[in-house]
Amino acid sequence: MTTSAVHPPEDRLEPARPTWPDATGHFGVFGGRFVPEALIAALDELTEAYEAMRVDPAFLAEFAALQRDYTGRPSPVTEVPRFAGHCGGARVLLKREDLNHTGSHKINNVLGQALLTKRIGKKRVIAETGAGQHGVATATAAALMGLSCTVYMGEQDTRRQALNVARMRLLGAEVIPVTTGSRTLKDAINEAFRDWVTNVETTNYVFGTVAGPHPFPAMVRDFQRVIGDEARGQVLEREGRLPDAVLACVGGGSNAIGIFTAFVPDEGVRLVGLEAGGDGVGTGRHAATITGGAPGVLHGARSYLLQDDNGQTIESHSISAGLDYPGVGPEHSHLHDIGRAEYSPVTDAEAMEAFALLCRTEGIIPAIESAHALAGAMKLGRELGPDALLLVNLSGRGDKDVETASRWFGLGDRESVEPGAGMDTDQHPTEGAVTNGDAVPGQDAGSPA
Amino acid sequence: MSLLGDRLGAARAEGRAALVAYLPVGYPDVDGSIAAMTAMVEGGADVVEIGVPYSDPGMDGPVIQQAVEPAVRAGVGMRDVLRAVEAVAAAGAVPAVMSYWNPIERYGVERFAADLAAAGGAGAITPDLIPDEAGAWLAASDEHGLDRVFLVAPSSTDARLRSTTAACRGFVYAASTMGVTGTRATVSDAAERLVVRTRAVTDVPVCVGLGVSNGDQAAEVAAFADGVIVGTAYVRRMLDGTGPDGVRALSEELAAGVRRRVAVP
């Protein structure tokens, strides 16, 4: 039982700014810039423009107006008592980033970077995307601000997230399926960097997560920290105290950094990142980078990553395209190493159990990514007991995942589906689910082997 | 001392540029790649850039990716690379390892430097490592007397040209066009401008890479650079299946090209 994290509201009303990274982008030993020299000038230009913009009242006003009038901020906090009944009686509050325009937290970052693109005078943006949420958000911001947009997406992801591919194309973006390597997010990032190094004079890279070379991890954090800044105030206002724990899923880690940042100085508040455990960390088929990886360099920064003895990146596996990434943002590696945040894996099956549970108890279809955080709440709630107050970042909505979920639960292959068939939330889905054809629970039902 | 600097200096004394030839270890297999490197040397390569296969070669175009992917899948590692280093040294060229940073960091920076020096390697070219992040490598390469080659690009400021070249030993790699590796129809004017700007801030030899595929282009670059770096064109010969004979012939053509320039600068 740890419910000692009761902070009176007058304790500290305004969340503090983190003291990291340093001037060259290092979070402790992590971060930095591991990129070809050809990109340094562009990264310097971005850093300089961002540092100027960050304190420019005109920019801050424009950004705030977009967040309010376009995204729909602030996003609400919703208490979910019926879901919490499966969390050991702990109370559970959801930060509703799923209600943002475009359906996830990704829009927060993209609006900031699109404004920055306009400020440095570039007319074209590129982006990588895994689940498609960052790609959709970037395509949206590009349409809003009259920028040309190209999105790189692993071919495997274009299949399992076909809805988001269609959305991006409707928004006027060019979507390029990436057929190299594992054909997922990591390879999409490689292709986006190749595009950027070739077209850097005209193009800005709108990076989607708190990874990559400096200034991306710090800049994306700053654009995403609105999640935690809002939530901290909302929880204090309604509860008169801070939560005992803040939970979020971690792929690259932008939604987690977004909600964690405001709480980092609140030492009594546990910060819990849930990594994609895939088939289980012991199977080797997972994306739990901090749990199962080691420090190294990937995609421009030093951080934990999944790698073999030769330093080759190991392909990750997760039912969730948005978490299917063998790296993680350097600030998470730092928070892990200094012991300020804890990271643990959630398997595909556990995530899908939580996914089904939230659908059926609260009428909210979460993104499968966010369902990892919900599964973490189910475990932590049982550990902390009925007095605990948990804040979970519901980073996105699950419309894009309906097909994957239907196949996982064996829905849609019968004329009529018994209420709850295959979604008996008291059972392990791999036992309770009836599957069709070649879709085998426990494997990535959304992609052919 | 600098093995690369000595060889480039010898070429300059002959009134020509040096031929710097790249192949990755492990395509079609380790022995096949080593045989091809030996053939490149027989055809006239002065320096061989021995590529370490890497799963995420963000600076390489599709041709090099195509050769590297099977080598990564086959588990080719630093031990194989060191064997290639020994073979190239035995064939009479100067071996330099070309590696993205993570394979070196994973192997251990100090251990890499010690083993590379023991194998007869000159040093390493590190395309995604900038001197700002290279503390451990600067120390280890000093300790073991190894060359270290960093990249400069057309977008580098004069201040960065100064700080980067100050950290280089052996040569400076001028990435002549903005973009990834691959052959190009014409050699960009940007290459010569970059070499001129680089020479203004350093006495370290400057080699030009990214885009050269034939003897005429090699001669064009040789007119203003200390060395001509050729990678993708060699890899394409390997992918075409022409093997050691194909790369030997290409070396002969390129070696003639780097000797065709008219005047010593």
Side-chain angles (χ1 to χ4, degrees), chain A residues 23-26 29 31-45 178-182 185-203 212-214 294-303 305-315 326-327, chain B residues 52-62 65-66 68-69 71-81 99-108 112 126-134 150-157 159-161 164 172-182 210:
Chain A
T24 50
H26 296 90
V29 300
R33 282 180 180 171
F34 293 80
V35 293
E37 171 65 20
L39 288 179
I40 295 296
L43 292 168
D44 280 344
E45 175 189 40
V178 174
T179 57
T180 52
S182 59
L185 178 56
K186 135 184 130 59
D187 309 284
I189 293 174
N190 290 335
E191 278 308 308
F193 270 115
R194 291 185 184 111
D195 182 317
W196 200 29
V197 77
T198 306
N199 301 301
V200 67
E201 296 274 317
T202 60
T203 299
H214 180 63
V297 168
L298 175 66
H299 292 151
R302 177 175 287 114
S303 195
L305 65 122
L306 302 179
Q307 57 178 324
D308 68 13
D309 291 343
N310 288 328
Q312 311 294 355
T313 311
I314 295 174
E315 291 180 11
Chain B
V52 178
Y54 180 50
S55 51
D56 296 272
M59 222 190 135
D60 284 310
Q65 288 178 52
Q66 204 184 327
V68 161
E69 273 191 31
V72 170
R73 277 200 303 276
V76 173
M78 208 56 87
R79 210 169 282 280
D80 305 302
V81 171
S99 183
Y100 289 90
W101 185 243
N102 199 51
I104 293 176
E105 184 160 302
R106 184 66 166 170
Y107 189 79
F112 169 77
T126 50
D128 63 346
L129 184 71
I130 56 174
D132 322 45
E133 298 284 353
F150 297 104
L151 277 60
V152 295
S155 60
S156 302
T157 60
R160 279 202 71 80
L161 288 182
T164 300
V172 180
Y173 190 127
S176 62
T177 54
M178 297 297 284
V180 297
T181 54
L210 300 186

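Here is the naming used below: chain letters follow the sequence lines, and residue numbers restart at 1 for every chain. These values consider heavy atoms only, across backbone and side chains, with no hydrogens, waters or symmetry-generated copies. What you are looking at is a predicted structure, and each value in this text was computed from that prediction instead of being measured.
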Item to check | Test item: N102(B) side-chain N/O and V297(A) main-chain N/O as donor-acceptor pair under 3.5 Å | outcome: yes

Checklist entry - So which part of P103(B) gets closer than 4.5 Å to some heavy atom of chain A, the side chain, the backbone, both or neither? => result both

Item to check | Under 4.5 Å from any heavy atom of chain A - which part of V52(B) | outcome: neither

Item to check | Test side-chain contact (heavy atoms from CB on, under 4.5 Å) applied to E69(B) - qualifying residues, sequence neighbours left out | outcome: T180(A), R73(B)

Checklist entry - Under 4.5 Å between any side-chain heavy atoms of D132(B) and T24(A), yes or no? => result no

Next on the checklist: Is Y54(B) in contact with chain A via its backbone, its side chain, both, or neither, using a 4.5 Å heavy-atom distance?
Outcome noted: both

Next on the checklist: Are the side chains of N310(A) and R106(B) in contact, using a 4.5 Å heavy-atom criterion?
Outcome noted: no

Checklist entry - Quick one: what part of T126(B) sits under 4.5 Å from any heavy atom of chain A, side chain, backbone, both or neither? => result neither

Next on the checklist: At a 4.5 Å cut-off on heavy atoms, which part of E315(A) comes close to chain B: side chain, backbone, both, or neither?
Outcome noted: neither

Next on the checklist: I need the residue from I189(A), L305(A), D187(A), V35(A) with the largest number of non-hydrogen atom pairs under 4.5 Å to chain B.
Outcome noted: V35(A)

Checklist entry - Can you tell me how far CZ of R194(A) sits from CD of Q65(B), rounded to the nearest 0.5 angstrom? => result 3.5 Å

Checklist entry - Has the side chain of S55(B) got a donor or acceptor atom that lies under 3.5 Å from a matching backbone atom of T313(A)? => result yes

Item to check | 4.5 Å side-chain heavy-atom contact, L298(A) and D56(B) | outcome: yes

Checklist outcome for this item: side-chain contact (heavy atoms from CB on, under 4.5 Å) filter on I314(A), not counting sequence neighbours, yields L306(A), D308(A)

Item to check | Heavy-atom pair of closest approach, residues A41(A) and S155(B) | outcome: CB-O, 3.3 Å

Next on the checklist: Ignoring hydrogens, what is the shortest heavy-atom contact between S156(B) and E37(A)? Give both atom names and the distance.
Outcome noted: OG-OE2, 2.9 Å

Checklist entry - Donor-acceptor pair, E133(B) side chain versus F34(A) backbone, under 3.5 Å? => result no

Checklist entry - For the candidates Q66(B), M78(B), R79(B), R160(B), which exhibits the highest count of non-hydrogen atom pairs separated by less than 4.5 Å from chain A? => result R160(B)

